[in-house]
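Numbers restart at 1 for each chain; the letters A, B, ... are given by sequence-line order, proteins then strands.
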Amino acid sequence: MSFLALCDPLPPGLDSTLMHATVLSWYSAHARDLPWRAPGRTPWGVLVSEIMLQQTPVVRVEPVWHEWMRRWPRPADLAAEEPGEAIRAWGRLGYPRRALRLHAAAGAIVARHGGDVPGTYDELIALPGIGDYTAAAVASFAFGARHAVLDTNVRRVLARAVAGTQYAPVAPTSAERRLALDLVPDGDTAPRWAVAVMELGALVCTARSPRCSACPIADQCAWRLAGSPPDDGPPRRGQPWHGTDRQVRGRLMAILRDSTTPVPKHLLEATWPDPAQRERALDTLVADGLIEPLDGDLFRLPTSPPPAGQVG
DNA sequence: CAATCGTGGGC
DNA sequence: TGCCCAAGATT
């Protein structure tokens, strides 16, 4: 049983009121001026930003987000577009399945919700590509709901400040969820608290070299008060890259993205020397609905949505 | 539940 | 240079 699991509802000695005040004050002074946080933001803009930000840094997302908002200011605009155009406009953000799922989510928003992004967690998480984090984030940021918005930043801040460990567990635990929810203040401060903790993790309480000297809660941080002990958990495995199917898929997608006309298969052969692996990558991309095979050994980005239920 | 799924920048 | 990491979701 973990340290957190022993604490109900909050760890003894944790002054959550002080933590709220300190973090919220810090956020007022240091929050980044991001477009999806601007006063005129729409729920759709928030949703698009959250999907793009999954595993992708802010600096790379910003220009693509602007272009998407310009082209597809409402869910219905994207839904009316070919899925391949969403994939193309995704550019090099990575994980292009997100673009396909976002396109499918736009369709579902039109079909189920009259074209308006739904405001509840349950409705949001039912959309393709939206999981626990994104549903909570959109419900909170765009609609003011009270949720535990548990992303990698928040998990790291709470692991350090409250649990006293350098890193959060590999996967979110029920104890983490309960702690995060218990810490969300009541009333209309909830969404601001959520974004403030996230921002603290992104700018100060970073994974590798935390800037504790600039941290507003350094004097409350359990990890720091314990002498910043190194993580004692199992080593975190990095994902292999060179030689993997992901690398091959990436190269194939790059070619197809950059071509507005169907690409002959022989032009794809230059991407990878191993024919078997190349074929496998091509097959899985077709199966994923990310590319479309045509007669005559031609391939292109998809012009019509994959069969219902396939995107996911 | 562990594996899979892109990409590029910083240290 | 190679490794680690970035607002996860899905099966």
Engineer: Which is true for A/L93 with a 4.0 Å heavy-atom rule: it touches a base, it touches only sugar-phosphate, or it touches nothing?
Structural biologist: base

Engineer: Would the base of C/dT10 count as contacting A/R101 through its side chain, where contact means a donor and an acceptor less than 3.5 Å apart?
Structural biologist: no

Engineer: So which pairs with a foot in residues 273-282 of chain A pass side-chain hydrogen bond (donor to acceptor under 3.5 Å, both in side chains), sequence neighbours left out?
Structural biologist: A/D245-A/Q277, A/D245-A/R280, A/K265-A/E279, A/W272-A/Q277

Engineer: Exactly one of A/R101, A/R98, A/R97 should register a salt bridge (Lys or Arg N to Asp or Glu O under 4.0 Å) with A/D288. Which one does?
Structural biologist: A/R97

Engineer: Below 3.5 Å between N/O atoms, which protein atoms pair up with nucleotides 3-5 of chain C? Just atom names and distances, please.
Structural biologist:
from, atom 1, to, atom 2, distance (Å)
C/dC4, O2, A/R208, NH2, 3.0

Engineer: Which residues in residues 67-74 of chain A have at least one heavy atom lying under 4.0 Å from any atom of DNA chain C?
Structural biologist: none

Engineer: Expressed as a whole number of Å, how far does the P atom of B/dG6 sit from that of C/dT11?
Structural biologist: 15 Å

Engineer: Where along residues 242-256 of chain A does a heavy atom fall under 4.0 Å from DNA chain B?
Structural biologist: A/R246, A/R249, A/G250

Engineer: If you measure from the P atom in C/dA7 to the same atom in B/dC11, how many Å do you get, rounded?
Structural biologist: 15 Å

Engineer: Using a 4.0 Å heavy-atom cut-off across all strands, classify A/L34 as base, sugar-phosphate, or nothing.
Structural biologist: base

Engineer: When you compare B/dC1 with C/dG8, how far apart are their C1' atoms, in angstrom units rounded to a whole number?
Structural biologist: 16 Å

Engineer: Is it the case that B/dG8 (base atoms only) and A/T56 (side chain only) share a donor and an acceptor within less than 3.5 Å, ignoring hydrogens and angles?
Structural biologist: no

Engineer: Can you sort out which residues in residues 35-50 of chain A have a heavy atom within less than 4.0 Å of DNA chain C? Ascending by number, please.
Structural biologist: A/W36, A/R37, A/E50

Engineer: Would you list the pairs meeting ring-ring contact (aromatic ring centres under 6.0 Å, His included) in which at least one residue belongs to residues 26-53 of chain A, sequence neighbours left out?
Structural biologist: A/W26-A/H30, A/W36-A/W65

